[in-house]
Structures are given as C-alpha cells and as structure tokens.
Amino acid sequence: MQRRLLAGAGVALAVAVALAGAFWYFISRPLYRPGVLRAGPAITRPLQDHDESFWTMEAGVKLYHFGDGAGDRVLVLHGGPGLPFRTPLPGLRPLADRYRFIYYDQRGCGRSTRPVDRFESGNYFRNVRELEARLGLSAQIADLERVRKILGERRLTLVAHSFGALLAALYAAEFPENVKGMLMVAPASMLKMPSDGAAIHERLRAKMPEHLRRDFDSYLDRFFDFSDIFRRSESELRARNAEFFKYYAAAAKARVPMVEGAEDNGGWVAQAIYFSVGRRYDWRPAMRRVQAPVLVVHGGADLQPESASRAFAAAFPNARVHVIEGAGHWVFHDRPEEFAAVAGEFLGNL
C-alpha cells in the first residue's frame, strides 16, 4: 500500500512538474508574431455602423474617437497599454491650424468597448487564447488597419506615445505600404525581450523614496502574479493598474499628467499585451520592412534612458532621434512649445 501511495505521489508530482513547465513555456512564447495578420485571412472590414463619436470595428466592438484641428489627418495613438488621452495634447494644439489630429481609445479602455469583464472558464490556456484574440496585439493592430479604411486614407501618418509607439511599429511592419511617417514619443523599449537595459520597474525602484519600496515590491508581486489572473474582474484590474501611477509619480518626483485619467485604463488590456509579447523574442528584424520616415522624440528627464529610445530608433532604416531636455515621459505636456516645433517640422516634411 505504501509503495502504491508513493508511486501515486510520484506520478502526481511528475504531472505537476510537467504542467508547470508547460505553463512557463506557454507564457514565455509570444502569442503575436509580426507578419501573422498580413499572411493570415483578410482582416474583416469594419462595419458601417459609425457616428461622430464611435467607429464599429466588428460586431460588439466600438472605438470612441474625437478630433482636433483642420487639415491633413494625423492619427494619434495613446500608450499604457490602455491609457487613453482625454483631451487634445498641448504639444499638438499649436499645429491644429494645419492638421486634423484624430484620437481614439484603443479597444478595452476609455470609452471604447471592453469586450472582457471576467472569465467563467477554468481552462487557463483557453482563457489566454481568448484574451489575446479579443484584446491582444493582433486585435489592436487589426483595429488600426480598420481605422485606416474608415478614414479612407491610403497611408497613415501616426503620432504615437509609449506603448502606442510599439503598436505603431508593429502595424508598420505588417503593412509598410500603408504608413507615410511615424512620430514616436518616448517609445516603450519592447522590440526585444529581455531588453538590454534594466527593466522599467527596476529603474523606478531605484529612484523611489525608501519608505515606498516595500509597498512597491508587494505591488509588483500582485501585478505579475498570473497564476490566478482569470479569477479577476475588469474593475479589479483597473484599480490595480491605476495604483501604478502613485509609484511612478514618486520615482519621477514630478506630476504625472495621466494620473487624472488613470481610472479610464483598460483593466484586461495590460494582461492581454503581456501574453501577446511573452517573455523572449526579438522583433527588430521585422522593422527593416518599414521604409517610412521615423522620428523618435525622447525626454531628457524620462525615467527611460536615452539609450533605450536610440535602440528603438536604430531598428528602422529611416529614423532619427531628437532629445528635448528637461522633459519627462509625457514630452508633449512638459515642453509643449518645443515639442510642437519638432513635430511641426517632421510632419511638414512628409
């Protein structure tokens, strides 16, 4: 009897180890790979059910949008993931007499459709696939192509911030012929993982007041605990995502412009993007397909180092970097006049 029990325990342990190994292998691999949208079935055409505030991407999914200015259209991509702009950017307002800036809330955040609230299934792997399909990179990039079709633009001019710059880059790698130019502001250094430099969380912790570090460590443990993620709800994850900005502001020792709109964040969006990208990949070779001009604007006081922005720019054949001293991650808020001058010159030369 004892031998049978020991044998049974050994089998159970082996199964548990195998499942754990499969789990870590599964979440390590990116679920999105550049080129899958272009090579796969045609992206469904956007539905015709649009109005002045919402575009319909597909049945049950609408994206909120608003515009500012008049002239050639420029599409603005917010960062986060899942942290939309509430109002026109101060650094773009001086250019509104020449350009029509179009802002939209990416799916899963702001006033756009949030297609996921909570998961009923206990099947972890199936939930991951569903989350990625509904809110991950493939869905976000497909939406961007649908927006191009709705606007009737042959080629898009993009202004993209932080995570939005990664989204713009991957869209351009999928559809290089559909991009006229890209202004990347403080781009998230996620073209390669693991990155060559310290992770943003490590840099935040190093600059944070000592009394907050233990709380921050606890927060990161909760944030990156994917073991029971599918027991959470959209509202729970929204609250947890918003908590991050308390620590960011403390580390930056400055006002963070997006704190006021943090409650609009996409609860499930961040998790969907983490599963999309996985833990190990290198997407830089795909960026060689992009021949459009790229300008990377870096704030000299950003917690992300200048070397990260330069490495991002180096992935593109036709890119350059402009540093705005004294500006943080939200360059267009911190130095709006200088940003407007740089952006105006770049857009005017496209």
Between [X] and [Y], is the ring centroid distance below 6.0 Å?
| X | Y | answer |
| --- | --- | --- |
| His161 | Phe332 | yes |
| Phe223 | His201 | no |
| Tyr104 | Tyr64 | no |
| Phe226 | Phe275 | yes |
| Tyr248 | Trp330 | yes |

Between [atom1] of [X] and [atom2] of [Y], what distance do you get to the nearest 0.5 Å?
| X | Y | atom1 | atom2 | answer |
| --- | --- | --- | --- | --- |
| Glu337 | Ile324 | CD | CD1 | 10.5 Å |
| Asp105 | Arg114 | CG | CZ | 8.5 Å |
| Cys109 | Leu63 | SG | CG | 9.0 Å |
| Leu183 | Glu345 | CG | CD | 11.5 Å |
| Lys149 | Asn178 | NZ | CG | 9.0 Å |
| Asn127 | Arg231 | CG | CZ | 12.0 Å |

Parallel, tilted or perpendicular: ring planes of Phe66 versus Tyr103, cut at 30 and 60 degrees
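Correct class here is parallel.
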
Once the angle between the rings of Phe230 and Phe119 is folded into 0 to 90°, is it parallel (under 30°), tilted (30 to 60°) or perpendicular (over 60°)?
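Perpendicular, since the angle between the ring planes exceeds 60°.
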
Looking at every heavy atom in both [X] and [Y], which two are closest together, and how far apart are they?
| X | Y | result |
| --- | --- | --- |
| His329 | Asp334 | N-OD2, 4.4 Å |
| Met57 | Arg107 | CB-NH2, 4.2 Å |
| Leu95 | Ala343 | CD1-CB, 3.9 Å |
| Ser227 | Tyr124 | O-CE1, 3.8 Å |
| Val159 | Leu92 | CG1-CD1, 4.4 Å |
| Val297 | Pro187 | O-CD, 4.4 Å |

Could you walk me through whether Arg98 and Asp72 pass salt bridge (charged side-chain N to carboxylate O under 4.0 Å, His left out), step by step?
CA-CA 7 Å; Arg98 286 175 274 168; Asp72 292 342; over 6 Å; no

Any salt bridge linking [X] with [Y]? Criterion: basic side-chain nitrogen under 4.0 Å from a carboxylate oxygen.
| X | Y | result |
| --- | --- | --- |
| Asp143 | Arg146 | yes |
| Glu145 | Arg148 | yes |
| Arg335 | Glu325 | no |
| Arg134 | Glu130 | yes |
| Glu153 | Arg73 | yes |
| Arg100 | Asp68 | no |
| Arg205 | Asp217 | yes |
| Arg310 | Glu306 | yes |

Stepwise, does the side-chain contact (heavy atoms from CB on, under 4.5 Å) test hold for Phe85 with Leu89?
CA-CA 8 Å; Phe85 298 125; Leu89 299 181; 3.6 Å; yes

Count the heavy atoms belonging to other residues, nucleotides or ligands that lie under 6.0 Å from CZ of Arg93, then report whether that count exceeds 12.
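For Arg93, atom CZ is not crowded (no more than 12 foreign heavy atoms under 6.0 Å).
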
Quick check: do Lys192 and Trp283 have side-chain heavy atoms less than 4.5 Å from each other?
no

Within the distance-only criterion (no hydrogens, no angle test), does the side chain of His78 pair as donor or acceptor with the backbone N or O of Gln106 below 3.5 angstrom?
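Checked: pair present.
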
So, using salt bridge (Lys or Arg N to Asp or Glu O under 4.0 Å) as the criterion, who are the partners of Glu210 when residues are at least two apart?
Arg213

Please list, chain by chain and in numerical order, all residues satisfying salt bridge (Lys or Arg N to Asp or Glu O under 4.0 Å) with Glu177, sequence neighbours excluded.
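Result, salt bridge (Lys or Arg N to Asp or Glu O under 4.0 Å) vs Glu177: Arg38.
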
Determine, stepwise, if the pair Tyr171 / Glu174 fulfils side-chain contact (heavy atoms from CB on, under 4.5 Å).
CA-CA 5 Å; Tyr171 172 79; Glu174 291 276 357; 5.5 Å; no

